[in-house]
Amino acid sequence: RQQGEQAGYAAGAQRAQQDGAAALGDALARLAEQQAEQREELRGALIALASAMVRRMTVELAPEQVLAALAERAFEHVVPAQPVRLRVPPALLEPVRAQLALRELQLPVHCVADASLDGLRCQVESPAGVLLAGLDDVLERTVQRLDIAQRAQALPEAGDAQDTPETCA
């Protein structure tokens, strides 16, 4: 009888330990999922905040300087280096042209007024195609790159979690 009680007690203790381990594992998995969701929410809020700050700061800068700088960065993506047409809002055509004249550009640029553009929007045209180079376009591409980098970073982490052997109690 005593052996039976001890065996029952041992089986009960083992069962309780297994149930406790399973419950703890489930709780930790839920916590990890919540933390991942919170990290993603915070990341999104941080990106939105940073974008808003950049937009606010650019309002205080001369728009022609901002557009010239954005265009110059876009010119770096024209491969091979070849003449381009820069489309800008009509009100900024001459000021942007003057700003670009102050810079050492690696390719010939022809500035053109485009009534469909306003604010800090511009387009770079080359024989290879059109690159949207305005402030919102650049910020949007930056957010996309951050998303891609985040996903790429998350993939190895997910693989590591799956490769971890589980311990049996």
Side-chain angles (χ1 to χ4, degrees), residues 25 28-166:
L28 289 173
R30 282 192 307 275
L31 181 61
E33 188 176 305
Q34 290 170 350
Q35 286 179 331
E37 290 172 4
Q38 288 174 348
R39 249 191 331 270
E40 188 59 30
E41 287 175 18
L42 289 172
R43 186 181 153 286
L46 182 60
I47 289 172
L49 176 63
S51 295
M53 288 175 59
V54 168
R55 283 186 182 93
R56 272 207 186 119
M57 289 187 300
T58 57
V59 168
E60 297 176 15
L61 300 174
E64 65 273 10
Q65 291 177 345
V66 174
L67 277 181
L70 289 168
E72 189 173 12
R73 296 299 160 267
F75 299 157
E76 295 170 1
H77 298 283
V78 176
V79 178
Q82 54 194 308
V84 296
R85 176 177 292 132
L86 176 64
R87 296 189 171 281
V88 298
L92 294 172
L93 176 63
E94 291 308 319
V96 169
R97 189 177 281 157
Q99 282 296 313
L100 290 174
L102 299 173
R103 300 166 187 252
E104 292 183 30
L105 302 176
Q106 301 302 313
L107 44 84
V109 177
H110 176 68
C111 294
V112 178
D114 185 333
S116 70
L117 299 175
D118 59 6
L120 295 175
R121 293 177 53 213
C122 64
Q123 298 176 351
V124 176
E125 294 179 350
S126 74
V130 176
L131 177 61
L132 304 178
L135 180 64
D136 288 336
D137 302 310
V138 170
L139 290 175
E140 185 177 322
R141 281 194 299 274
T142 301
V143 169
Q144 289 172 353
R145 279 190 223 112
L146 288 170
D147 284 341
I148 291 168
Q150 176 69 22
R151 285 189 208 117
Q153 185 179 10
L155 288 176
E157 291 173 3
D160 291 345
Q162 291 174 354
D163 293 341
T164 304
E166 293 183 15

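- Leu86 has its side chain within reach of Leu100: a pair of non-hydrogen atoms, C-beta onward, lies under 4.5 Å apart.
- Residues Arg87 and Ala113 approach most closely at NH1-O, 4.4 Å, considering heavy atoms.
- Note that CZ of Arg39 is 10.5 Å distant from CD of Glu37, once rounded to the nearest 0.5 Å.
- Remark: Glu94 engages Arg97 in a side chain to side chain contact (heavy atoms under 4.5 Å, CB included) (not counting sequence neighbours).
- In the displayed structure, Gln150 atom CD is contacted under 6.0 Å by more than 12 heavy atoms of other residues, nucleotides or ligands.
- Nearest heavy atoms, Ser126 versus Val78: CB-CG1, 4.1 Å.
- Taking all atoms of both residues into account, the shortest heavy-atom contact from Val84 to Leu107 is CG2-CD1, 3.5 Å.
- Legend: residues meeting side chain to side chain contact (heavy atoms under 4.5 Å, CB included) with Pro95, ordered by chain and number and at least two apart, are Glu64.
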Test side chain to side chain contact (heavy atoms under 4.5 Å, CB included) applied to Val138 and Arg73, step by step: CA-CA 10 Å; Val138 170; Arg73 296 299 160 267; over 6 Å; no
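- Between Arg30 and Glu33, none of the side-chain N atoms (NZ, or NE/NH1/NH2) sits under 4.0 Å from a carboxylate O, so this pair counts as no salt bridge.
- You'll find the side chain of Pro89 reaches within 4.5 Å of the side chain of Leu67, heavy atoms only.
- A distance of 9.0 Å separates CG of Leu46 from CZ of Arg43, quoted to the nearest 0.5 Å.
- Side-chain contact between Arg85 and Val130: absent, with no pair of heavy atoms (C-beta onward) separated by less than 4.5 Å.
- Minimum heavy-atom separation, Cys122 to Asp137: O-OD2, 4.5 Å.
- Annotation: side chain of Val143 is not in contact with side chain of Glu140 (no heavy-atom distance under 4.5 Å).
- Of the inter-residue distances, the one linking Leu135 atom CG with Thr58 atom OG1 reads 5.0 Å to the nearest 0.5 angstrom.
- Note that the CG atom of Asp114 and the CG atom of Leu92 stand 12.0 Å from one another [nearest 0.5 Å].
- Residue Phe75 is tested with Leu70, Leu131, Leu105 for a side-chain contact (heavy atoms from CB on, under 4.5 Å); the sole match is Leu105.
- The distance from the CD atom of Gln144 to the CG atom of Asp147 is 7.5 Å, given to the nearest 0.5 Å.
- The CZ atom of Arg55 sits 4.5 Å away from the CG atom of Asp136 when rounded to the nearest 0.5 Å.
- Looking at every heavy atom in both residues, Pro127 comes nearest to Pro83 through CD-O, 4.0 Å.
- Taking Arg141 as the reference, nothing meets the salt bridge (charged side-chain N to carboxylate O under 4.0 Å, His left out) condition, with sequence neighbours excluded.
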